[in-house]
Amino acid sequence: MRPDKPRDPVVGPDAGPENPYPVRLSGPVIKGFGRGSKDLGIPTANIPADDLSEKHPELTSGVYYGVVALDPQNLAHENGAEKSTSATLLPAVLSIGYNPFYKNTVRSVEIHIMPPLTQPSPTAVAQPKFNRLPDFYGTQLNLLILGYIRPEYDYVSLEALIEDIRIDCEVARQSLLREAYQRYIVDDGKASAQVTEDRKWLATFEGVNAKN
Ligand SMILES: Cc1cc2nc3c(=O)[nH]c(=O)nc-3n(C[C@H](O)[C@H](O)[C@H](O)COP(=O)(O)O)c2cc1C
Ligand SMILES: Nc1ncnc2c1ncn2[C@@H]1O[C@H](COP(=O)(O)OP(=O)(O)O)[C@@H](O)[C@H]1O
Ligand SMILES: [Mg+2]
């Protein structure tokens, strides 16, 4: 059960991600249990978790923050829009694990994509409106995990789970707003070769050239 104590507003070192982060994950967006939007009003893009324990033993179950990119070609196709050649990098908060509130028997990786950091946060208020995009099932998703937020918990109610995820969004946002983290989204001219490489990896999909 969630401990009854206040949450830290920012997590991870100010100087930037520390070993083992950043961690790269990618995969096609698959169907989950259909609860994210319906039960919680919080859509989560699920990606396969089959070989996660083997490939990433460092990713213990819990809540993390990071940056995502969606394959723009596939996305444009799904939405009937004109094909784009560059991927947009967006802040994200995610859960890896068994969702103790729902007692899942299989592990899942579920990513909630937030609005750009330049826009006001829709979750900074008590009655939040979680970010919603047009559906993008089947689209390739690249994710760079930059830090760990907390373990997964069981909750006394659905409302308590939603409120904690709202706080996760704010913690992720405040943590990503730091210079050493924003650099993974926007080139400020001060990024190391490694950060530049990670940002390039994020925006690279088969047949799509990376921006910058
Ligand atoms: C940031 C974030 C934190 C979460 N934390 C928890 C948690 O502590 N306990 C839990 O049972 N589920 C947690 N969840 C998972 C939700 O219960 C899950 O997104 C929901 O069951 C939707 O599942 P679905 O994609 O299979 O429909 C979290 C989800 C997100 C995006
Ligand atoms: N902000 C968002 N973050 C993640 N997925 C989103 C977002 N907005 C819309 N979606 C879409 O909603 C779907 C997830 O909804 P959800 O209710 O969690 O269903 P599922 O149980 O199938 O994962 C994603 O696969 C994606 O297509
Ligand atoms: Mg989901």
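We count ligands from 1, going down the list as the structure has it; atoms in each ligand are counted the same way. All of these numbers come straight from a predicted model, not from anything done at the bench. Numbering of residues begins at 1 and proceeds along the displayed sequence.
- Each of the atoms 15 (O), 16 (P), 17 (O) of ligand 2 lies under 4.0 Å from some heavy atom of S37.
- Using a non-hydrogen distance threshold of 4.0 Å, R2 does not register as a contact of ligand 1.
- Of the possible polar contacts, none joining the R183 side chain to the A180 backbone as a donor-acceptor pair under 3.5 Å is found.
- For the pair K103 and Y98, the cation-pi test (distance below 6.0 Å, angle within 45°) is failed.
- Under 4.0 angstrom from ligand 1, there are no non-hydrogen atoms of I42.
- Heavy-atom separations between Y98 and ligand 1 are all 4.0 Å or longer.
- Between S37 and R132, the side chains place a donor N or O and an acceptor N or O closer than 3.5 Å (distance only, hydrogens not considered).
- Distance from atom 5 (N) of ligand 1 to its nearest protein heavy atom, with residue and atom name: R150 NH2, 3.0 Å.
- Panel note: side chain N46, backbone I30; no donor-acceptor pair is recorded below 3.5 Å.
- Look at R7 and E170 and you find no salt bridge, because none of the NZ, NE, NH1 or NH2 atoms lies under 4.0 Å from a carboxylate O.
- If you look at V29 next to ligand 2, the close heavy atoms, those under 4.0 Å, all belong to the side chain.
- Residue G34 has at least one heavy-atom neighbour below 4.0 Å for each of these atoms of ligand 1: 27 (O).
- Heavy-atom neighbours of E18 CD from other residues, nucleotides or ligands within 6.0 Å: at or below the threshold of 12.
- Counting non-hydrogen atoms of neighbouring residues, nucleotides and ligands closer than 6.0 angstrom, the CD atom of Q119 exceeds 12 such neighbours.
- Looking only at distances, no side-chain donor or acceptor of E110 sits under 3.5 Å from a matching main-chain atom of A45.
- Of the protein's non-hydrogen atoms, the one nearest atom 30 (C) of ligand 1 is S95 CB, 3.7 Å.
- Atoms of ligand 1 lying under 4.0 Å from at least one heavy atom of T44, given by number and element, are 19 (O), 25 (O), 31 (C).
- Atom 17 (O) of ligand 1 has its nearest heavy-atom neighbour, among F101, Y65, Y102, in Y102.
- Shown are T88, I145, I113, N142; of these, the side-chain contact (heavy atoms from CB on, under 4.5 Å) with V68 is made only by I113.
- When rounded to 10 degrees, the angle formed at the Mg ion (ligand 3) by OG1 (T44) and OD1 (N46) equals 100°.
- Some N or O of N46 is nearer than 3.5 Å to an N or O of ligand 2, by distance alone.
- For the pair G34 and ligand 2, the shortest N or O to N or O distance falls below 3.5 Å.
- Ranking the protein heavy atoms by distance from atom 19 (O) of ligand 1 puts E110 OE1, 2.4 Å first.
- Close approach of ligand 2 to I111 (heavy-atom distance below 4.0 Å) involves ligand atoms 3 (N), 4 (C).
- Put simply, the side chain of D187 gets close to the backbone of G189: a donor and an acceptor are under 3.5 Å apart.
- By the 4.0 Å N-to-carboxylate-O rule, D198 lies close enough to R24 to be salt-bridged with it.
- Ligand 2 has a nitrogen or oxygen under 3.5 angstrom from a nitrogen or oxygen of G32.
- On a distance-only criterion, F136 and ligand 2 share at least one N/O pair closer than 3.5 Å.
- Closest heavy-atom approach to atom 12 (N) of ligand 1 within the set D39, N99, V93: this belongs to N99.
- Distance from atom 26 (O) of ligand 1 to its nearest protein heavy atom, with residue and atom name: F33 N, 2.7 Å.
- Considering backbone and side-chain atoms together, F33 places an N or O closer than 3.5 Å to an N or O of ligand 2.
- Looking at ligand 2, you won't find any N or O of K31 less than 3.5 Å from one of its N or O atoms.
- Numbered from 1 in the order shown, with element, the atoms of ligand 2 that lie under 4.0 Å from a heavy atom of G36 read 17 (O), 18 (O).
- Judged by a 6.0 Å distance limit and a 45° cone about the ring axis, R166 is not positioned over the six-membered ring of F130.
- A salt bridge is absent between R150 and D8; no separation between the charged side-chain nitrogens and carboxylate oxygens falls under 4.0 Å.
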